[in-house]
Amino acid sequence: MDFDLEEAIPILERTPSVISELLCDLPEKWTRVDEGPDTWSPREVVAHLINGEQTDWIPRARIILRQEKYRRFEPFDRFADIKTPRPLRDLLSEFETLRAQNVATLRGWNLKEKDMELTGEHPEFGDVTMRQLLATWVVHDLSHIAQITRTMTRAYTEAVGPWTAYFRVLQRDVRQ
């Protein structure tokens with residue numbers, strides 16, 4: 001699919017409610033389960049998403065829109081505050097609020113096709129377009145929804161016994 005902002009915004013708008021419906025008021029075991037060392041639990045993913053709302057997507061889009069001489073993005077700390085002790089309900093609420101504000105900002109810019117080709121400088125990838133940044137935001141959301149569900153699914157790998165053979169997500173050697 002080609003990126004279309006009007007078709008992408010509904011994904012961005014729905015992500016907080018999808019994640020909230022999935023995680024809110026679950027027993028803590030579900031929200032703190034992970035896939036082993038150096039992996040994230042569902043609640044850590046939510047904390048990561050909050051960090052992205054505060055420091056990544058809209059701040060980087062602003063840099064692109066300003067088109068000043070210096071357009072280099074600050075490096076994104078993917079691990080910032082993921083171990084927060086705050087209650088999950090508070091994290092989900094904050095994510096919903098921040099996302100609503102950011103989508104409103106994005107809509108308020110009324111971006112045109114020419115704006116989608118403006119560039120900023122990613123610290124690792126070099127020049128990137130507004131279109132690529134916004135498409136990545138959508139993919140980032142969807143990949144973290146998949147990560148949350150995969151992590152929760154794999155918590156029952158042993159519990160399903162022989163049915164593991166029917167679920168690729170439970171076959172650890174399969175790359176998702």
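Below, each value reflects all heavy atoms present in this structure, side chains not excepted, and no hydrogens, waters or symmetry copies. Just so it is clear, the structure is predicted and the values come from calculations on it, not from any experiment.
- In terms of heavy atoms, W40 sits closest to H144 at CZ3-CE1, 3.9 Å.
- The side-chain hydrogen bond (donor to acceptor under 3.5 Å, both in side chains) search around R62 returns none, not counting sequence neighbours.
- V139 and I9 are not part of a single hydrophobic cluster, where members link through side-chain heavy atoms under 4.5 Å apart.
- Qualifying salt bridge (charged side-chain N to carboxylate O under 4.0 Å, His left out) partners for R107, counting only residues two or more places apart in sequence or in other chains: E6, E13.
- Judged as a salt bridge (charged side-chain N to carboxylate O under 4.0 Å, His left out), and not counting sequence neighbours, E21 has no contacts.
- Atom-to-atom distance recorded for Q147:CD and D34:CG is 10.0 Å, nearest 0.5 angstrom.
- With L92 as the partner, the side chain to side chain contact (heavy atoms under 4.5 Å, CB included) test is satisfied by one option alone out of D25, T97, V46: V46.
- Ring geometry for H122 versus F125: interplanar angle under 30°, hence parallel rather than tilted (30 to 60°).
- R154 has a carboxylate O that lies under 4.0 Å from a charged side-chain N of E35, or vice versa, which qualifies the two as a salt bridge.
- Here the closest heavy-atom approach between residue P75 and residue P123 is recorded as CA-CG, 4.0 Å.
- Here the side chains of T151 and I148 are not in contact, with every heavy-atom distance at 4.5 Å or above.
- Shown here are the ring pair (Phe, Tyr, Trp, His ring centres under 6.0 Å) partners of W109, two or more places apart in sequence or in another chain: there are none.
- I82 places none of its side-chain heavy atoms less than 4.5 Å from the side chain of N51.
- Looking at T55, its side chain never comes within 3.5 Å of a backbone N or O of G52 through a donor-acceptor pair.
- Annotation for G161 and T164: closest pair O-OG1, 2.9 Å, computed over non-hydrogen atoms.
- For the pair L23/M152, a side-chain contact is recorded, criterion being any heavy-atom separation below 4.5 Å from C-beta on.
- When the shell of 6.0 Å around CZ of R89 is examined, it contains 12 or fewer heavy atoms from other residues, nucleotides or ligands.
- Every side-chain hydrogen bond (donor to acceptor under 3.5 Å, both in side chains) that R86 has, sequence neighbours left out, goes to E94.
- No option in T129, I64, L111 other than I64 meets the side chain to side chain contact (heavy atoms under 4.5 Å, CB included) test with L118.
- Salt bridge annotation for D141-R14: absent, with no cationic side-chain nitrogen under 4.0 angstrom from a carboxylate oxygen.
- Here the CD1-CG distance, from I63 to L133, works out to 9.5 Å after rounding to the nearest 0.5 Å.
- A donor-acceptor pair under 3.5 Å is absent between the side-chain atoms of R32 and the main chain of S41, judged by distance alone.
- Residues L88 and C24 have side chains not in contact (no heavy-atom distance under 4.5 Å, counting atoms from C-beta outward).
- Counting only residues at least two apart or in different chains, ring-ring contact (aromatic ring centres under 6.0 Å, His included) contacts with residues 58-77 comprise H48-F76.
- Looking at F3 and Q132, their side chains never come closer than 4.5 Å, going by heavy atoms from C-beta outward.
- Put simply, the side chain of L65 reaches to within 4.5 Å of the side chain of M130, judged on heavy atoms.
- The closest side-chain heavy-atom distance from V18 to L22 is not below 4.5 Å.
- The shortest heavy-atom contact between R71 and E68 is CG-O, 2.9 Å.
- E117 pairs by the side-chain hydrogen bond (donor to acceptor under 3.5 Å, both in side chains) definition with R131, not counting sequence neighbours.
- Every pair passing salt bridge (charged side-chain N to carboxylate O under 4.0 Å, His left out) that includes a residue from residues 39-59 is listed here, sequence neighbours excluded: E44-K83, E53-R99, D56-R60.
- In this structure F167 satisfies the ring pair (Phe, Tyr, Trp, His ring centres under 6.0 Å) test with no other residue, sequence neighbours excluded.
- Evaluation of the side-chain hydrogen bond (donor to acceptor under 3.5 Å, both in side chains) rule for E96 yields no partner, not counting sequence neighbours.
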Q: List the steps, then state whether side chain to side chain contact (heavy atoms under 4.5 Å, CB included) holds for L134 with L106.
A: CA-CA 10 Å; L134 298 177; L106 180 61; 4.0 Å; yes
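- Taking Y156 as the reference, W30 meet the ring pair (Phe, Tyr, Trp, His ring centres under 6.0 Å) condition, with sequence neighbours excluded.
- Residues Q54 and L98 meet the side-chain proximity criterion, which asks for heavy atoms closer than 4.5 Å.
- Counting only distance, with no hydrogens or angles, the side chain of T15 and the backbone of I11 share a donor-acceptor pair below 3.5 Å.
- Every residue two or more places apart in sequence or in another chain was checked for a ring pair (Phe, Tyr, Trp, His ring centres under 6.0 Å) with F95, and none qualifies.
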